[in-house]
Amino acid sequence: MYLGNRQNNGKKNVLNHFYKKSGAYFICLIILFVVIGFLTTVAPAYRFSSHTITTWTSDLDSSTFLYLMGMENRAFKGAYPEDKALPNLSSVAFQMATSIKPNDTRSLLGKELPGFSTFENEIIIAGEGTNYTNLPVESAPPLDEILKDREAVVDDSTESENPTKEPDKDKDEEQLDTGDKDVVFIYNTHNRESFLPHLPDVTDPDLAQHGEVNITKVSDRLSKSLESNGIGSSVDNTDIMKILNNNGWGYGQSYTASRKVVKEAFASNEEIQYVFDLHRDSQRRDKTTKSINGKAYAKIAFVVGAEYASHEKNLALATKLHNMIEKKYPGLSRGVIKKKGPRSNGIYNQDLSQNSLVVEFGGVDNNLDELYRTADAVADVFSELYWDAEKVNKNQ
């Protein structure tokens, strides 16, 4: 009798456990369908965008995703790095929710201390005066402010000034020329970045934006200077800011818009070997100006994203250019900066070519005379790098 009661109680416990477990699964299934229904029927303005999800997850270590996939497919487990500890899922969830890394207090301080938010950037080579308090900064004013019409003033003498190639005694007498090949492609992701000296009615650095008098003029000058050194180049004049406006995109999607421009350039011209995306920094004059032989130059900075597999090759090019510029124009380069993390793009379309660079030319307080001198200097140094590389290729 006692044994029979124990057996009956055991069966009841098993059934109760089964019903409880089934009930929990059923409730979870209902919640899942409710959430999916909400996400697919809510107005677009309130949905989670891919950009939002990217922002949440961009700072997570890639091995975390590999571990999660390995929980479903054992093939991914074999690829998990042996030297990596297994991720703490509670820490991962906390980081996604707060953007704070529990084991890295800098992620908290970066939100509270001015200038400390750049802790994820890395100075690979520090140029004269460069440190973590004055790294290149991208201002991001509202798009409607960028697209506003503003008065701009440009000196006629500056406009008419043409780059001239000074003879170099160390070079061969033979005139080097790429012929009709455009081997350098130049574009501007933030194409309306302008300069306060040419905007008489603008005092706010964040509003130094103009539809014509902007960083694209520096791109044109660089192209002419390269041509005078025998290097064929082309400049893209796409108004990226208008593309953002037409598509209803935010300023943070600028590189998505310009990516199509770069891809189309590669598709239409197989001769492209180098790609330069020119920008204007938001730092002030004392950080972005250098006097060389009694003339003022706008300083430059090389920026390389660190969130794609081949970034070390782009980094090598930036380092070589920086060293060559420092040798011929001491103090002109602010250095080489590697950027990653949720507060930067991290790729800058540089994954499309190992010879692609973002170059910051001057700042909001520099004028076109200073910027043009720098463009000529960069073209001068780059031509040496290019023709030296061509000679090596011919001899191989």
Side-chain angles (χ1 to χ4, degrees), residues 114-115 118 121 123-139 152-155 157-159 161 163-164 166 186 188 190-210 213-222 224-225 276-303 318 321-337 339 357-382:
T118 59
N121 301 331
I123 300 175
I124 303 302
I125 301 179
E128 181 182 286
T130 299
N131 56 54
Y132 281 99
T133 68
N134 55 28
L135 294 181
V137 178
E138 291 183 356
S139 59
V153 177
V154 178
D155 193 325
S157 63
T158 300
E159 283 292 326
E161 187 181 352
T164 56
E166 296 181 2
I186 305 169
N188 306 97
H190 297 153
N191 63 289
R192 294 198 175 210
E193 291 178 329
S194 189
F195 309 92
L196 290 176
H198 299 286
L199 303 174
D201 298 328
V202 180
T203 57
D204 184 348
D206 289 340
L207 302 183
Q209 306 282 335
H210 197 272
V213 182
N214 51 44
I215 189 63
T216 62
K217 285 189 170 294
V218 184
S219 294
D220 291 336
R221 177 59 173 235
L222 178 61
K224 290 177 182 177
S225 298
F276 297 133
D277 182 5
L278 271 55
H279 291 250
R280 180 268 293 149
D281 194 4
S282 294
Q283 293 283 6
R284 304 312 296 261
R285 184 174 181 82
D286 62 325
K287 306 294 192 306
T288 64
T289 313
K290 175 67 179 179
S291 178
I292 302 176
N293 296 327
K295 293 184 178 180
Y297 286 71
K299 298 180 76 170
I300 63 170
F302 296 101
V303 177
L321 269 173
H322 165 83
N323 290 333
M324 292 178 69
I325 288 172
E326 280 300 283
K327 185 176 180 180
K328 198 164 188 178
Y329 300 91
L332 185 62
S333 175
R334 295 166 61 194
V336 180
I337 294 94
K339 288 193 171 186
L357 295 176
V358 167
V359 188
E360 301 276 355
F361 271 75
V364 288
D365 298 309
N366 289 109
N367 60 51
L368 287 175
D369 281 328
E370 297 161 346
L371 290 153
Y372 287 171
R373 288 189 193 106
T374 300
D376 294 347
V378 171
D380 176 35
V381 173
F382 175 78

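Just so you know, these numbers come straight off a predicted model, no measurement behind them.
Summarising the geometry of L357 relative to F302, their closest heavy-atom pair is CD1-CD2, 4.0 Å, with the distance given to 0.1 Å. In terms of heavy atoms, A208 sits closest to V202 at N-CG1, 4.2 Å. What you find for S219 and L278 is that their closest heavy atoms are OG-CD2, 3.5 Å. In plain terms, the two heavy atoms of L371 and A298 that are nearest each other are CD2-CB, 3.6 Å. Summarising the geometry of E370 relative to D365, their closest heavy-atom pair is OE1-O, 4.5 Å, with the distance given to 0.1 Å. The two residues F382 and F276 come nearest to each other via the heavy atoms CE1-CZ, 3.7 Å.
With values rounded to the nearest 0.5 angstrom, L196 atom CG is found 11.5 Å from N367 atom CG. T289 contributes atom OG1, which lies 10.5 Å from atom CZ of R284 (distance to the nearest 0.5 angstrom). How far CD of Q209 is from CG of D204: 10.5 Å, rounded to the nearest 0.5 Å. Within the model, atoms CD of E360 and OG of S282 stand 8.0 Å from one another, a figure rounded to the nearest 0.5 Å. Between atom CD1 of residue I325 and atom OG1 of residue T374 there is a gap of 9.5 Å, rounded to the nearest 0.5 Å.
Here the side chains of I300 and Y329 are not in contact, with every heavy-atom distance at 4.5 Å or above. Using a 4.5 Å heavy-atom cutoff, the side chains of K217 and Y372 are in contact. In this structure, the side chains of I125 and N323 come closer than 4.5 Å at one or more pairs of heavy atoms.
A donor-acceptor pair under 3.5 Å is formed between the side chain of Y132 and the backbone N or O of I123. Side chain of N134 to backbone of N131: a donor-acceptor contact under 3.5 angstrom is found. A distance-only check finds no donor-acceptor pair linking the side chain of H190 to the backbone of E193 [under 3.5 Å]. Formation of a donor-acceptor pair under 3.5 Å by the S333 side chain with backbone atoms of H322 is not found in this model. A donor-acceptor pair is defined here as one N or O able to donate and one able to accept, closer than 3.5 Å; such a pair exists between the side chain of Q283 and the backbone of L135. Side-chain atoms of R280 come within 3.5 Å of backbone N or O of S194 as a donor-acceptor pair. Under a 3.5 Å cut-off, the side chain of R221 and the backbone N or O of L368 do not form any donor-acceptor pair. Judged purely by atom type and a 3.5 angstrom limit, E326 uses its side chain to pair as donor or acceptor with the backbone of G331. Judged by distance alone, with hydrogens and angles left aside, the side-chain atoms of T130 form a donor-acceptor pair with the main-chain N or O of R334 at under 3.5 Å.
Not counting sequence neighbours, the partners of T288 by the side-chain hydrogen bond (donor to acceptor under 3.5 Å, both in side chains) test are N366. By the side-chain hydrogen bond (donor to acceptor under 3.5 Å, both in side chains) test, K290 is found to be paired with E128, residues two or more places apart in sequence or in another chain being considered.
In summary, the side chains of H279 and D277 do present a donor paired with an acceptor at a separation below 3.5 Å, with no hydrogens or angles considered. A donor-acceptor contact closer than 3.5 angstrom is absent between the side chains of N191 and T216.
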